[in-house]
Amino acid sequence: MRTIIISAFPGMGKSYSVEHLPQYKMVDFDSPVSPWIKTNEGRIPNPSFEQEYIEALNKLKSQGSY
C-alpha cells in the first residue's frame with residue numbers, strides 16, 4: 001500500500017478529511033516531537049527534530065497506519 005503524507009497549516013482540512021472521507025485509511029497525526037527545546041533563556045531549535053519526526057511517522061507505518 002502506498003503512503004502519502006499531507007502536511008498543511010492549521011485550518012486546511014486535515015482533520016476534516018480524516019472524519020469525512022472513510023473510504024481512505026488516514027491518521028490525524030499530532031507529532032509528539034517538538035521542533036523546539038526549552039531552555040532557561042527561552043527556546044532553541046531542536047537539532048534532531050527532523051529525524052525524530054520521521055521516526056514517529058515510521059512507527060505509525062509499522063503499526064499498520066498509512
Side-chain angles (χ1 to χ4, degrees):
M1 181 175 285
R2 193 167 82 178
T3 299
I4 298 172
I5 298 171
I6 299 171
S7 178
F9 290 108
M12 299 301 291
K14 301 177 304 296
S15 297
Y16 180 89
S17 296
V18 171
E19 295 171 10
H20 294 88
L21 297 172
Q23 67 270 33
Y24 299 104
K25 185 175 181 182
M26 293 188 273
V27 174
D28 194 356
F29 178 66
D30 287 324
S31 175
V33 182
S34 174
W36 303 100
I37 297 173
K38 295 178 184 175
T39 68
N40 291 336
E41 294 80 33
R43 63 183 192 165
I44 60 172
N46 179 352
S48 57
F49 170 72
E50 291 178 18
Q51 183 61 37
E52 292 174 8
Y53 189 85
I54 290 169
E55 288 171 5
L57 288 172
N58 283 330
K59 183 177 179 182
L60 274 178
K61 185 178 177 185
S62 72
Q63 294 170 346
S65 297
Y66 295 92

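Under the 3.5 Å distance criterion, the side-chain polar atoms of Lys14 are matched with a main-chain donor or acceptor of Phe9.
Between Ser48 and Glu52, the shortest heavy-atom contact is OG-OE2, 2.7 Å.
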Side-chain atoms of residues 33-45: list all donor-acceptor pairs with protein atoms under 3.5 Å, sequence neighbours left out, distances to 0.1 Å.
unit_1: Ser34; atom_1: OG; unit_2: Trp36; atom_2: N; d: 3.1
unit_1: Ser34; atom_1: OG; unit_2: Trp36; atom_2: O; d: 3.0
unit_1: Thr39; atom_1: OG1; unit_2: Glu41; atom_2: N; d: 3.3
unit_1: Thr39; atom_1: OG1; unit_2: Gly42; atom_2: N; d: 3.3
unit_1: Thr39; atom_1: OG1; unit_2: Gly42; atom_2: O; d: 3.2

For residues 16-23, which side-chain N or O atoms pair as donor and acceptor with protein atoms under 3.5 Å away, sequence neighbours left out?
unit_1: Ser17; atom_1: OG; unit_2: Gly13; atom_2: O; d: 2.8
unit_1: His20; atom_1: ND1; unit_2: Tyr16; atom_2: O; d: 3.1

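For CD of Glu50, the number of neighbouring non-hydrogen atoms (other residues, nucleotides, ligands) closer than 6.0 Å is 12 at most.
Phe49 contributes atom CZ, which lies 9.5 Å from atom CD1 of Ile54 (distance to the nearest 0.5 angstrom).
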